[in-house]
There are 2 protein chains.
Amino acid sequence: MHSLNNLIIEFYDKLSSWELSVVKDTGYSLAQVHTIEVLGSHGPMRMKELADRLGITTGTLTVQVEKLVQLGLIVRTPHEVDRRSILVELTSEGTALHKHHNRMHLQLTEDITRHLDPESIKVLTQSFEKMNREF
Amino acid sequence: MHSLNNLIIEFYDKLSSWELSVVKDTGYSLAQVHTIEVLGSHGPMRMKELADRLGITTGTLTVQVEKLVQLGLIVRTPHEVDRRSILVELTSEGTALHKHHNRMHLQLTEDITRHLDPESIKVLTQSFEKMNREF
DNA sequence: TCCAAATAACTTGATAATCAAACTAATAAA
DNA sequence: TTTATTAGTTTGATTATCAAGTTATTTGGA
């Protein structure tokens with residue numbers, strides 16, 4: 001258990017470094033790409049929910065979103081029922097950035113699992129499913 | 001492979017959120033705890049190496065380190081052979097913070113793996129070893 | 001129904017984190 | 001021994017962040 005713990009920490013650390021270098025290549029900031037990631041994988045959402053997912057306040061997010069709108073990556077649309085809220089969603093350019101980032105991730109996954117046999121991949125997948133459920 | 005990729009991304013995302021909330025409880029910033037983490041798990045090191053591991057410039061690190069020294073978490077000692085360099089290392093208080101954070105991690109690992117059978121744990125551990133080697 | 005409380009987003013003012021570039025001191029290489 | 005490189009710091013500017021206050025809207029009692 002102790003060694004597994006250390007391996008997870010090391011895995012997380014290496015993934016963070018990889019993410020940082022990949023993001024730097026895009027020319028956007030880590031916070032910006034992270035925002036695009038969340039919108040890309042979960043779809044349009046309100047400011048409040050987005051802020052919660054990103055772990056920042058709505059005040060901070062207002063500024064971030066303003067910049068991403070100017071960059072043409074996202075758009076703000078009024079919420080259909082709740083007029084206090086606005087929905088944030090990706091533009092086609094934002095979607096393209098998300099897809100590009102996703103391809104990078106997929107390539108990484110292929111790279112780091114290339115020495116795993118099919119049975120291990122299967123167990124690994126099931127284990128991740130179970131672990132993700134426990135957070 | 002595609003689903004495993006998504007599971008890894010989700011795992012990373014949840015781990016990030018967990019880390020953020022755990023760090024917030026300590027009263028220190030994410031950057032500060034991260035610095036302590038690196039020093040705690042790899043031992044004393046030069047500014048340059050520490051900056052590289054953290055993914056920041058030495059200019060930024062100089063400011064960070066100064067604050068951590070004032071907080072009593074780390075100390076600067078001259079490098080024995082290279083007089084351009086200084087070694088950064090944890091104080092006993094810094095070590096205590098690292099140990100505390102490590103215990104949190106261990107607890108998390110125990111929590112998220114509690115529904116995995118011994119054989120899966122074994123395969124999972126071996127898989128992480130192989131994946132970490134490929135980064 | 002109507003008003004108080006809660007919620008969503010934004011704004012403002014302050015602080016922390018970051019970088020690039022310039023600088024100093026020391027080492028390495030020619 | 002010069003010259004080039006490296007380590008760390010400083011400076012000036014920019015970005016990210018928060019807490020607190022503001023406005024508009026919704027919700028939940030009385």
Side-chain angles (χ1 to χ4, degrees), chain A residues 16-17 19-39 42 44-71 73-89, chain B residues 16-17 19-39 42-89:
Chain A
S16 295
S17 297
E19 184 81 10
L20 195 66
S21 73
V22 164
V23 165
K24 268 182 181 156
D25 292 340
T26 67
Y28 298 107
S29 76
L30 195 56
Q32 288 173 338
V33 174
H34 193 190
T35 302
I36 299 301
E37 284 314 285
V38 171
L39 289 174
H42 293 95
M45 64 182 72
R46 290 176 299 121
M47 292 287 288
K48 184 61 169 62
E49 184 182 355
L50 184 53
D52 287 346
R53 283 189 190 274
L54 293 171
I56 59 178
T57 63
T58 56
T60 300
L61 185 59
T62 295
V63 182
Q64 294 274 12
V65 161
E66 183 53 35
K67 208 163 296 170
L68 288 170
V69 167
Q70 281 172 11
L71 288 168
L73 296 177
I74 64 177
V75 286
R76 277 182 274 217
T77 60
H79 192 287
E80 297 187 356
V81 271
D82 190 341
R83 284 191 297 172
R84 291 170 304 180
S85 299
I86 63 171
L87 281 180
V88 184
E89 60 184 319
Chain B
S16 295
S17 297
E19 184 81 10
L20 195 64
S21 74
V22 164
V23 164
K24 268 182 181 158
D25 292 340
T26 67
Y28 297 109
S29 74
L30 195 58
Q32 287 173 338
V33 173
H34 194 191
T35 303
I36 299 303
E37 284 313 285
V38 171
L39 289 173
H42 294 96
M45 65 182 72
R46 291 176 298 119
M47 292 287 287
K48 185 61 170 61
E49 184 181 356
L50 184 53
D52 287 346
R53 283 188 190 274
L54 294 171
I56 58 179
T57 63
T58 56
T60 300
L61 185 58
T62 295
V63 180
Q64 294 276 11
V65 161
E66 182 53 35
K67 207 163 297 171
L68 288 170
V69 166
Q70 280 172 10
L71 288 169
L73 296 176
I74 62 176
V75 286
R76 278 182 273 217
T77 60
H79 193 287
E80 296 187 356
V81 271
D82 189 342
R83 283 192 297 170
R84 292 170 303 179
S85 298
I86 64 170
L87 280 180
V88 183
E89 60 184 319

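Owing to the predicted nature of the structure, the values given are computational and were not obtained by experimental measurement. Scope of the values below: all heavy atoms of this structure, side chains included, with no hydrogens, waters or symmetry mates. Just so we're on the same page: letters track the sequence lines, and every chain starts at 1.
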[atom2] on [Y] to [atom1] on [X], rounded to 0.5 Å:
X	Y	atom1	atom2	value
His42(A)	Glu37(A)	NE2	CD	11.0 Å
Thr35(A)	Lys67(A)	OG1	NZ	11.0 Å
Arg84(B)	Arg46(B)	CZ	CZ	8.5 Å

With the side chain counted from C-beta on, respond yes when [X] and [Y] share a heavy-atom pair under 4.5 Å apart, and no when they do not.
X	Y	result
Leu87(B)	Glu80(B)	no
Leu39(A)	Leu50(A)	yes
Val65(A)	Ile74(A)	yes

Going by heavy atoms closer than 4.0 Å, what residues in residues 47-54 of chain B are next to DNA chain D?
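Close to the strand are Met47(B), Lys48(B).
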[X] [atom1] to [N] [atom2], straight-line distance once rounded to whole Å:
X	N	atom1	atom2	answer
Leu87(A)	dA8(C)	CG	C1'	12 Å
Tyr28(A)	dA16(D)	OH	P	13 Å
Arg46(A)	dT26(D)	CZ	P	13 Å

Sequence-distant partners of Arg76(B), salt bridge (charged side-chain N to carboxylate O under 4.0 Å, His left out), two or more places apart:
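Here the qualifying residues are Glu66(B).
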Sequence-distant partners of Glu89(B), salt bridge (charged side-chain N to carboxylate O under 4.0 Å, His left out), two or more places apart
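Once residues adjacent in sequence are excluded, Glu89(B) has no partner under the salt bridge (charged side-chain N to carboxylate O under 4.0 Å, His left out) criterion.
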N/O donor to acceptor pairs below 3.5 angstrom from side-chain atoms of residues 21-28 of chain B, sequence neighbours left out:
unit_1	atom_1	unit_2	atom_2	d
Ser21(B)	OG	Trp18(B)	O	2.9
Thr26(B)	OG1	Val23(B)	O	2.5
Thr26(B)	OG1	Tyr28(B)	N	3.1

Select base, sugar-phosphate, or nothing to describe what Leu61(A) touches, counting heavy atoms under 4.0 Å on all strands.
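Counting heavy atoms under 4.0 Å across all strands, no contact is made by Leu61(A).
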Angle between the end axes of the helix from dT1(C)-dA30(D) to dA30(C)-dT1(D), five pairs per end, to the nearest 10 degrees?
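That helix gives 30° between its end axes.
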Among Val88(B), Asp52(B), Val38(B), exactly one meets side-chain contact (heavy atoms from CB on, under 4.5 Å) together with Met45(B). Which residue is that?
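Looking at Val88(B), Asp52(B), Val38(B), the match for Met45(B) under the side-chain contact (heavy atoms from CB on, under 4.5 Å) is Val38(B).
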Indicate for each nucleotide in nucleotides 15-30 of chain C, in 5' to 3' sequence, whether protein heavy atoms under 4.0 Å reach the base (B), only the sugar-phosphate (S), or nothing (-).
--SBB------BS---
